[in-house]
Every structure is written in C-alpha cells, then in structure tokens.
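So the structure is just underneath, and the comments pick up after that.
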Protein chains: 2
Amino acid sequence: MTKSISANAFPAHEHDHTVCIADALDSAEQHCVAHQLRFTPLRRQVLEIVWSRHAPIGAYEILDELRNESRAAAPPTVYRALEFLVDHGFVHKIESLNAFVGCDRPDSEHVGQFLICGSCHQVGELDDPEIAKLIAKKAKTVGFDVSHQTIEVRGVCSNCAGENHA
Amino acid sequence: MTKSISANAFPAHEHDHTVCIADALDSAEQHCVAHQLRFTPLRRQVLEIVWSRHAPIGAYEILDELRNESRAAAPPTVYRALEFLVDHGFVHKIESLNAFVGCDRPDSEHVGQFLICGSCHQVGELDDPEIAKLIAKKAKTVGFDVSHQTIEVRGVCSNCAGENHA
DNA sequence: ATCCGTAATGTAATATTATAACATAAAATG
DNA sequence: CATTTTATGTTATAATATTACATTACGGAT
Ligand SMILES: [Zn+2]
Ligand SMILES: [Zn+2]
Ligand SMILES: [Zn+2]
Ligand SMILES: [Zn+2]
C-alpha cells in the first residue's frame, strides 16, 4: 500500500485514532533503531501526547499532560524532547501557532506544507515536491539559495466545508 | 518605472536607505489618506522604526526604540501599532522569527513569500502569484479551501553568496 | 563488573513574546 | 459643544522559550 500525497491530511472524523498513535510510535521506534537514536520513555511519552490529536498542541499543554501522567516535568523537559522529535522528523513545529503536530513520515525528507483548518483546528500535511521546487526555482531567480521552507496555509478542510447545514 | 517581482528583495548593500524609509512612509501615508485610515504619529513612528533596516525587528526592540525617542510606551503601544500596520499591509509578521518587517506594497493584495537570509538576516519578499496559485490548487486536491498562506524560506541571499572569500 | 565519558533528564531561575483590563485622551460626527 | 468612537496610556499578567547547573542513566572501554 502506497501512501497518497494526503496520507497525513485530515483523517475522517470517525477513524480509529488509536491506530494512528500506535503506528506513529511504532514508526518512530523503528526509525530510531535503524538510526541508532535513543527513543527514551520521555521522548515516547511526549510523542504520544503530541499524537493525541491531529491538531497542534502547545508545549505547555504537553507539560500539563506529562504532569497528569505523574512524571516530573518542567519546561525544559518538554522543549528538549520536542527538539529531538522535531530534529528527527517525528514532529513538526507550526510556527504560526507556536505549537507542535505529529508527522508519520520520519524517513522521507520533506518540507512540511501544512493545511490548518480554521474550523476544526486539525492540521493536514501536504508533502508536495512540486511546490517546494517551484519556490526554490522562483527564489533562485532573485539569486536566493533555499535551504529550508516553512509553509503554513489557513483555510477550511473538506470535513468542515461539508458541514454547512445551519 | 515598473517594480520587478523582487522590488522588495535584498537591496544592494550600498543603497540609499533613507530613500527606502521615505518612500515607505510616503506610500503608507497616501494609502491611509485614500482609505480613510488614521496614520497617527505613533503608527508612523513605529513604521519608521520597522523600516530602519531590511531585517525583521522584534516588538520589544521597537519598544526600546520608542523609549529612546522619548515616547511613553509599553508593550500594548507597540503591539497595537503593529496590528494596524500589519492589518493594512504596511508591515508583515515573520512567524518563524516572531518579528516584523516592512512592506512597500500596501496596495497590492499579496501573500508575502519571504526569503530570510541566514547570513545577513535581511528579508526579501517574493510576491509570486504562481506559487500562491499552485499551493491553492494542490490544497484543493485534498479538499482544502485556502484563505491565507504563510511562506517563509530560509537560505542565503545573492549578496551573501557572493562574499565567499575566506 | 567497574570505570569513565557522554548523553539525557531534573530543577530553579529567568528571558522573551504577547495579551487583558481598565483609564485617559484625542478625533470624528452631528 | 455634546456625543460617540477610536486611539493611546498604564498596570498587570499570560504564554512561550531558554540558560545554567546538578544529577542520573547509558554505552563503551578495560
Ligand atoms: Zn488519527
Ligand atoms: Zn476542519
Ligand atoms: Zn533600504
Ligand atoms: Zn544575506
């Protein structure tokens, strides 16, 4: 089974989310084994919290969750775990929200192109090389050499657009 | 004289920046007159500070400048002026830097596509409708209806790339 | 197994960015 | 000029993020 371009985008409202979480944790674990990274209990716990929904979660909300799960935690606890998870592609930071969202494709090098629904607040990830290439090309025309792209798009997802029955 | 697509991108190091500032203030003033907006002394002062360079400036740095210019100022003073300036397109917020940069094209509706140089920290603005259209189109393929785009690209500008003489 | 060096986490304090709430002043309207 | 609205002043606080240093856990050597 090949994942479509919208693999990480806006799962159906009724989907079995425990599967999303389990898959993401498994995938991260495998990636860590393969790359000699330490997928410590804390990092796993933070990743699980981030994956608790398909919407971005703030660092301090993660902190609260950790404490709920009776783990000693302070801001650096969270930010350090997030740094690891972001560095290795398990989590993306949504800059325009100062919040974090899970990514289930740690292996593929990709710029995250994020679709942020203003209605349900879920975030889908488009991973479209054409967009990345066009931007790099256009930047090049003014002599700019691109190393990283931040793309965050606001709008309304298909789930929410279909709900106009008021 | 027609402005090129890179009008706002990476002016030459030796350019007459007082002209940039004067033009930006004039342009903003004209836009405000035309649209019945109040270009108050505070808003003008903040815009001038933002335009002091072609690199993003943080709100608290603006605050310091205001106080240097012996104006009573507190965070809301700055954030409210910035809100006005951003709302009307005189300034853009760079989300990935929590900082603000001037825009000299308040009239044209545009998504800002920002090129952020990691070397000189200047920011150029690409205003390319093709990029915006491609993103909107790709988002549409997953049923997402785009209302706003945040595009911030890291890399090295042409000025800095040319300076490799170490 | 013990030692050692490194990487991860714990902990306290603080820095940075942003907003809420309410008072005052200035401007637009009639 | 009285009224209403808009902008600004002022104080406090919320929300986000980092620094610095102590402690613990891990991985690789002997
Ligand atoms: Zn799910
Ligand atoms: Zn939605
Ligand atoms: Zn200039
Ligand atoms: Zn540069």
Side-chain angles (χ1 to χ4, degrees), chain A residues 28-29 32-50 55-88 90-101 121 150 152, chain B residues 28-29 32-50 55-88 90-101 121 150 152:
Chain A
E29 180 143 34
C32 286
V33 168
H35 293 77
Q36 318 228 51
L37 302 171
R38 292 170 57 185
F39 196 50
T40 64
L42 173 64
R43 288 164 177 176
R44 164 181 282 272
Q45 210 173 347
V46 169
L47 182 57
E48 190 172 6
I49 291 166
V50 169
I57 185 171
Y60 279 75
E61 201 177 342
I62 294 170
L63 181 56
D64 289 343
E65 286 298 324
L66 283 177
R67 288 171 167 165
N68 284 346
E69 298 169 15
S70 57
R71 171 184 267 278
T77 313
V78 173
Y79 282 103
R80 285 189 293 224
L82 285 171
E83 182 182 31
F84 172 87
L85 296 169
V86 168
D87 282 352
H88 297 99
F90 307 127
V91 163
H92 293 290
K93 178 172 187 182
I94 307 296
E95 299 287 351
S96 58
L97 294 173
N98 296 316
F100 302 83
V101 70
H121 302 106
T150 298
E152 300 174 6
Chain B
E29 180 143 32
C32 286
V33 169
H35 293 76
Q36 316 230 49
L37 303 171
R38 290 168 61 184
F39 196 50
T40 64
L42 172 65
R43 289 165 176 176
R44 164 181 282 273
Q45 210 174 346
V46 170
L47 183 56
E48 190 171 7
I49 290 166
V50 170
I57 184 171
Y60 280 74
E61 201 176 342
I62 294 170
L63 181 55
D64 289 343
E65 286 298 324
L66 282 177
R67 287 169 168 165
N68 285 347
E69 297 171 13
S70 56
R71 169 185 269 278
T77 312
V78 172
Y79 281 102
R80 286 189 292 224
L82 285 171
E83 182 181 32
F84 171 87
L85 296 169
V86 168
D87 282 351
H88 297 99
F90 306 128
V91 162
H92 292 291
K93 178 172 187 181
I94 307 296
E95 299 287 352
S96 58
L97 294 173
N98 295 317
F100 301 84
V101 70
H121 303 106
T150 298
E152 300 174 5

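In what follows, every chain begins at residue 1, and chains take the letters A, B, ... in the order their sequences are listed. Hydrogens, waters and symmetry mates play no part in the numbers below; they use all other heavy atoms, side chains included.
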Q. Any side-chain donor-acceptor pair under 3.5 Å between B:E152 and B:S96?
A.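 Yes.
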In whole Å, I'd like the distance from the [atom1] atom of [X] to the [atom2] atom of [N].
X	N	atom1	atom2	answer
B:Q36	C:dT29	CD	C1'	13 Å
B:L42	C:dA25	CG	P	17 Å
A:R71	C:dT11	CZ	C1'	14 Å
B:I62	C:dT17	CD1	P	11 Å
A:R44	C:dA8	CZ	P	17 Å
B:N98	C:dT16	CG	P	13 Å
B:F39	C:dA27	CZ	P	16 Å
A:L66	C:dT9	CG	P	11 Å

Contact summary for [X] and [Y], nearest pair of heavy atoms:
X	Y	result
B:V46	B:A81	CG2-CB, 3.7 Å
A:A59	A:V78	O-CG1, 3.5 Å
A:L82	A:F100	CD1-CE1, 3.6 Å
A:L85	A:L47	CD1-N, 3.8 Å

Tell me what [X] touches on the nucleic acid: a base, only sugar-phosphate, or nothing, going by heavy atoms under 4.0 Å.
X	value
B:A72	sugar-phosphate
B:R80	base
A:R43	sugar-phosphate

Q: Please state whether the phosphate of C:dA18, meaning OP1 or OP2, lies under 4.0 angstrom from any side-chain nitrogen or oxygen of B:K93.
A: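 Checking B:K93 against C:dA18: at least one side-chain N or O falls below 4.0 Å of OP1 or OP2.
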**Q.** From C:dA18, C:dT11, C:dA7, nucleotide with atom closest to A:A74 side chain
**A.**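 From the listed options, C:dT11 comes nearest.
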Q) Given C:dT11, C:dA18, C:dA8, which nucleotide is nearest the side-chain atoms of A:T40? A)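 The closest nucleotide is C:dA8.
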Q. What about B:Y60, does its side chain sit under 3.5 Å from the base of C:dA18 through a donor-acceptor pair?
A.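 Donor-acceptor pair under 3.5 Å: yes.
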**Q.** Contact boundaries on DNA chain D for chain B, cut-off under 4.0 Å to non-hydrogen atoms
**A.**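 So the contact region on DNA chain D extends D:dT6 to D:dT11.
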Q | Parallel, tilted or perpendicular: rings of B:Y79 and B:Y60 (30°, 60°) | A |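 B:Y60 vs B:Y79 ring planes: perpendicular.
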**Q.** B:L37 side chain near B:H88 side chain, heavy-atom distance below 4.5 Å
**A.**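 SC-SC contact between B:L37 and B:H88 confirmed.
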Q: For B:R38 and for B:L97, find the nucleotide of DNA chain C with the closest heavy atom, then tell me which residue's nucleotide is more 5'.
A: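 Between the two, 5'-proximity favours B:L97.
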Q) Taking for each residue the nucleotide of DNA chain C bearing the nearest heavy atom, is the 5' side occupied by A:P76 or by A:F84? A)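 Result of the comparison: A:F84.
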